[in-house]
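Shown next, in structure tokens, is the structure this report addresses.
Residue numbers start from 1 in every chain, and the chains themselves are labelled A, B, ... in the order their sequence lines are given, proteins ahead of strands. These values consider heavy atoms only, across backbone and side chains, with no hydrogens, waters or symmetry-generated copies.
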Amino acid sequence: MRLRVQIVMHLSKTFIPTLRETPQDAEIASHRLMLRAGMIRRVSGGIFTFLPLGLRALRQVERIVREEIDRAGAIEVLMPGLQPREIWEQSGRYDLMRDVMFRIHDRQGHDLALGPTHEEVITGLVAHEISSYRQLPCTFYQVQTKYRDEIRPRFGLMRAREFVMKDAYSFDASWDAADGSYQAMYDAYERIFARCGLNVKVVEADSGAMGGQWSHEFMVLADSGEDGLVECNGCTYAANLEKAERARGAPPENSADNGCPSPEKVVTPETTTIEAVSALLDIPAQRLIKTLIYTADIQPVAVLTSGDREINELKLARALGCRELTAADAATVERVTGAPVGYAGPIGLSIPIHADLELRGASDYVCGANQADTHTLHVDIERDVTVTGYADLTNARGGDGCPQCDDGVLQAKRGIEVGHVFKLGTKYSEAFDARYLTAEGEQKPLVMGCYGIGVTRTLQAVIEQHHDANGICWPSSVAPYKVVLLPLNLSHDATRETTERLSAELTAAGWEPLIDDRDERPGVKFKDADLIGYPVRVVISERSLAAGGVEIKARAADKPQTLPLAEAMSQIGEFLS
RNA sequence: CGGGGCGUAGCGCAGCUUGGUAGCGCGUUUGGUUCGGGACCAAAAGGUCGUGGGUUCAAAUCCCACCGCCCCGACCA
């Protein structure tokens, strides 16, 4: 028989320092509320202490994550935060990740890093321990603290330098089998975020520094989100802004003999930006050709877009097939174009010219003349420019056509990235020689996937989506306490007795109530209860007892209801289900 | 790393222009009155004014350097 000690938590015995005033440097609602509700305190930029209330809420999110990831068949491990430099060199990511990693060294001078992620460690483990197809597939995961030297930590736990992440790694015998592991995690993620009460949009994403074949991001839609995304209003297409494609536009008109006059130079003194040119010549930005000079692996190239578009460097790098891509410095621009920065144009350039596909067939446009204080009118791209190739080189935006359906239109939204799944392939297994033996006795590399959830970020995202003017409105699944009891006058015997009876019943039912036993005025208790956002509030007072019982109110409800104690339990259970 | 802003009591701020014994609100402590939506009265504690240097008879205030934080940008899983 197991002894269970059940302690009823009293507010006076824990530590929940709520703030009446709003801390100054908290920018978004969820950050402010976490500080005001006494959940976290800042230690340094992007580094936080979790106070009891924040810790309890974090544990709730972790619990949901573990339940669903376990259910999906993954196995929990715990890997070290401290990692040797060598494994990062082995995967070839040391240079790529060096700016993100906190790098330290031990007393013997060995280089170490605080782990920003764990592909290297897990693949090294698996390379030693997994050797047969009989051991596959398998997925390991952990819930662990990650360290990343963010360029700009902000918004509290949203972008922190130390944060809790759930990361999982799958190993399969084949690319097809790996799709199964990927799908299992994808499904688990949808369940996790649904259980956290989050409205999440899954988008196609770029796999970035992680490498790999494809990936999806789980985005919590919020205006305060740091990531842009687009979704189609006509089909299921949705993508991260970095990755998003757009419809190919109308087929080009035949540009020969279409009546575009011959190019003509026009003087445009001190007009080096699209806005200035557009204003001076009274021509809309979309009829301008923006010419940017990039350096692609040392080689200068010209990139053309219409004046109202932004270059997407990921797309550009892919189209060029280059490894390093940077905007050319002023000296290079002047050398290549023969003009100061701001007057580049595509006519007569002797370097490769890549154009955004929106410019195909562009006729009667304006561009820089490769000559100081001069632009060229009446440019016909087919007639006047030697284009090396057309490709999708710019960001999609709201109003663009959908790349996947006929008349869908893309809508621009903002989101918080709470989860990311990657189909990695064999990049790491080959680097770490993680192979297995097939039934036929053949050596093959393991096919990997990796899957992250920002646990601390998810916690804050819940608050971002669930709050009102008075405070947090916790979904009961992640609430630090589901029920708070407010005995308004503790020196009133009947109030005290009723509170004790109710808390005993709630505790026995597993609801872990919190009793606000502070010697505070009622108003203070009400304000704090709203701020902290317990899903259910029960008021016990002389007035409620005189009215026949206790007063129960769900956080979201406008008005409380008074019920006799006998009926209170079932009503509370109903609110929390 | 570039641009902007801010560092004065636990929190939010004034004082700085024009140098002269450091203030307000909230919170905290004590006593009293209150007690259903952040009460009231009285008393009290609490600050090397971010750090270092300089100017001056005298620096929170003027000058220089550094550190930290916030915002915008570049960049990033």
Is it true that A/R98 and A/D95 have a side-chain N and a carboxylate O under 4.0 angstrom from each other? yes
A/I540 CD1 to B/C35 P: how many Å, rounded? 20 Å
Is the shortest distance from a Lys or Arg side-chain nitrogen in A/D528 or A/R518 to a carboxylate oxygen in the other one below 4.0 Å? yes
Does a side-chain N or O of A/R152 approach OP1 or OP2 of B/C71 to a distance below 4.0 Å, or not? yes
What distance, rounded to whole Å, do you find between the two C1' atoms, one in B/A58 and one in B/G50? 23 Å
Ionic contact status for A/R66 with A/E76, cut-off 4.0 Å: yes
Expressed in whole Å, how much space separates the C1' atoms belonging to B/G47 and B/C24? 14 Å
Integer-rounded Å distance: B/C75 P and A/D149 CG: 17 Å
Could you tell me how far B/G10 sits from B/U29 if I compare only their C1' atoms? Round to whole Å. 14 Å
Any strand counts, and the cut-off is 3.5 Å on both contacts for Watson-Crick or G-U wobble. Which nucleotide pairs with B/A74? none
Does B/C49 pair with anything, Watson-Crick or G-U wobble, both distances under 3.5 Å, and if so, with which nucleotide? none
Mate of B/U33 where both pairing distances stay under 3.5 Å, Watson-Crick or G-U: B/A39
When we call it a touch if two heavy atoms are under 4.0 Å apart, what does A/Y451 touch: a base, just sugar-phosphate, or nothing? nothing
Counting distance only, does the side-chain N/O of A/Q460 pair as donor-acceptor with the main-chain N or O of A/F155 below 3.5 Å? yes
Look at A/E119 together with A/R93 and state whether they make a salt bridge at an N to O cut-off of under 4.0 Å. yes
Of the listed B/C75, B/C71, B/G12, the closest approach to the A/E21 side chain comes from B/G12
Just to be sure I understand the rule, does A/E27 reach a base, reach only the sugar-phosphate, or reach nothing, if contact means heavy atoms closer than 4.0 Å? sugar-phosphate
Just checking A/S544: base, sugar-phosphate only, or nothing, at a heavy-atom cut-off of under 4.0 Å? base
Should the ring pair A/F218 and A/F193 be called parallel, tilted or perpendicular, given that the plane angle runs from 0 to 90° and is split at 30 and 60? tilted
Provide the distance between the two P atoms, one in B/C35 and one in B/A45, to the nearest whole Å. 31 Å
Please state how far atom CG in A/D95 lies from atom C1' in B/C76, giving the value in whole angstrom units. 16 Å
Between B/G52 and B/G68, how far is it from one P atom to the other, in whole Å? 16 Å
If I take atom CE in residue A/M101 and atom P in nucleotide B/C76, what distance separates them, rounded to the nearest angstrom? 16 Å
When the distance from CD1 of A/I311 to P of B/A74 is rounded to whole Å, what number comes out? 14 Å
For A/Y481 and A/Y534, take the angle between the two ring planes, folded into 0 to 90°, and tell me which bin it lands in: parallel under 30, tilted 30 to 60, perpendicular over 60. tilted
Separation of A/I151 atom CD1 from B/C72 atom P, in whole Å? 14 Å
Distance, rounded to the nearest Å, where A/D519 contributes CG and B/U33 contributes C1': 14 Å
Can you check the A/L241 CG to B/C75 P distance for me, whole Å? 13 Å
If you measure only the distance, is there a donor-acceptor pair under 3.5 Å linking the side chains of A/W88 and A/Q83? yes
Identity of whatever pairs with B/A60 - Watson-Crick or G-U, under 3.5 angstrom: none
Who does B/G68 pair with, Watson-Crick or G-U, both distances under 3.5 Å? B/C6
A/R161 or A/M165: which one's nearest nucleotide on RNA chain B is closer to the 5' end? A/R161
Distance test, side-chain N/O of A/R154 to OP1/OP2 of B/C72, below 4.0 Å: yes
Think A/R85 forms a cation-pi with A/Y94, using NZ or CZ under 6.0 Å from the six-ring centre and within 45 degrees of its axis? yes
Considering only the C1' atoms, how many Å lie between B/A22 and B/A60, rounded to the nearest integer? 8 Å
Can you see if the side chain of A/S44 gets near the phosphate of B/C69 - specifically, an N or O under 4.0 Å from OP1 or OP2? yes
Nearest-Å distance once atom P is located in both B/C72 and B/G15: 26 Å
B/A65 and B/G46, which share atom name C1', separated by this distance in whole Å: 32 Å
What's A/R159 touching, base or sugar-phosphate or nothing? Going by heavy atoms closer than 4.0 Å. base
Any strand counts, and the cut-off is 3.5 Å on both contacts for Watson-Crick or G-U wobble. Which nucleotide pairs with B/U55? none
Check this for me: A/R41, atom CZ, are more than 12 non-hydrogen atoms of other residues, nucleotides or ligands nearer than 6.0 Å? yes
Under 4.0 Å protein heavy-atom contact, by nucleotide of nucleotides 37-45 of chain B - B base, S sugar-phosphate only: BBB------
B/G12: pairing nucleotide in any strand, Watson-Crick or G-U under 3.5 angstrom: B/C24
